[in-house]
Amino acid sequence: MALVDLELDLDVFAGPFDLLLTLILREEVDLLEVDLADVVITYIDHLERRGELDLEAATEFLVLIAALLELKSRLLLPGEEIEEIELDPGEAAEELLARLLDAHRYRAAAAYLRERLEAEAGRRFRSAPPPPGLRKARLDDARAVYDPQVLASAISSRDRPSIT
């Protein structure tokens, strides 16, 4: 599902989600007047109606909503006068795109790590020293498990190329 398909009907805005983002970035719609909870609820309702979840679109939506929430919280919370960064709509769109690309990179890294973990299932490397009971073994307790002659012949047969 593309975010373009998400139709909103809010108190201050009615239309597609991407248009709302554009108007907020151009400061034609005041972000303080937009109820972002209604946007999220509308998105969830839209997902329920469709009956399927597109993880790419959901991730994009979450990144955009998180960015809007961060901007809105900065506007709502009192604090020291922070030098405002004036971004024109193009720069703001680039900032959102950069965040989306970061999210994509993290998702790709997580997929790579998941594949490595699944490929190495059942094998784990232990970097800790052995338990104290296994650190020292007396020579009297050591016993031969294999006959030395059988072991020697097995090792020597591996070194010789087979002739067929």
Side-chain angles (χ1 to χ4, degrees), residues 1-137 141 145 158:
M1 175 195 90
L3 291 177
V4 178
D5 297 340
L6 182 62
E7 285 291 324
L8 300 172
D9 187 15
L10 307 172
D11 293 337
V12 295
F13 174 81
F17 179 66
D18 63 335
L19 179 60
L20 175 65
L21 286 176
T22 304
L23 294 175
I24 288 172
L25 292 174
R26 290 183 186 167
E27 296 180 0
E28 294 177 20
V29 171
D30 187 10
L31 181 58
L32 294 175
E33 295 177 8
V34 177
D35 188 3
L36 294 176
D38 285 344
V39 175
V40 173
I41 290 170
T42 303
Y43 181 71
I44 292 171
D45 290 342
H46 185 75
L47 288 178
E48 285 179 358
R49 281 192 304 271
R50 288 184 56 111
E52 62 184 47
L53 176 65
D54 179 8
L55 291 179
E56 294 289 327
T59 302
E60 181 181 347
F61 178 78
L62 288 174
V63 169
L64 291 173
I65 286 295
L68 290 174
L69 284 170
E70 180 183 1
L71 290 172
K72 188 171 184 176
S73 68
R74 287 184 184 180
L75 294 172
L76 287 172
L77 296 175
E80 297 177 15
E81 278 299 315
I82 300 173
E83 179 184 325
E84 283 193 31
I85 301 172
E86 292 294 324
L87 296 177
D88 65 49
E91 290 174 332
E94 287 178 12
E95 176 70 24
L96 286 176
L97 179 62
R99 288 185 183 197
L100 286 172
L101 291 174
D102 286 343
H104 178 72
R105 277 195 296 275
Y106 287 122
R107 198 170 42 252
Y112 170 76
L113 291 175
R114 186 180 327 102
E115 288 173 8
R116 293 263 331 254
L117 187 63
E118 289 171 358
E120 296 173 3
R123 294 178 274 157
R124 300 291 181 263
F125 175 73
R126 179 185 168 122
S127 61
L134 297 178
R135 289 184 194 161
K136 296 180 183 177
D141 294 337
V145 178
R158 285 188 183 170

- Roughly how far apart are E7 CD and L19 CG, rounded to 0.5 Å? 9.5 Å
- Item | Euclidean distance, L69 CG relative to K72 NZ, rounded to 0.5 Å | 8.0 Å
- Query: Quick one: does H46's side chain get under 4.5 Å of T42's, heavy atoms only?
  - Reply: no
- Query: Listed by chain and number, what are the salt bridge (Lys or Arg N to Asp or Glu O under 4.0 Å) partners of E33, not counting sequence neighbours?
  - Reply: none
- Message: Please confirm whether the ring centroid of F17 lies under 6.0 Å from the ring centroid of F61.
- Response: yes
- Listed by chain and number, what are the salt bridge (Lys or Arg N to Asp or Glu O under 4.0 Å) partners of R105, not counting sequence neighbours? D102
- Item | Residue that, paired with L31, satisfies side-chain contact (heavy atoms from CB on, under 4.5 Å) out of I24, L76, L23 | I24
- Query: Any side-chain heavy atom of D35 within less than 4.5 Å of one from L10?
  - Reply: no
- What is the minimum heavy-atom distance between V63 and R99, and which atoms define it? CG1-CB, 3.9 Å
- About how many Å separate CG of L64 and CG of L36, when rounded to the nearest 0.5 Å? 11.0 Å
- Going by an N to O cut-off under 4.0 Å, is there a salt bridge joining R74 and E70? yes
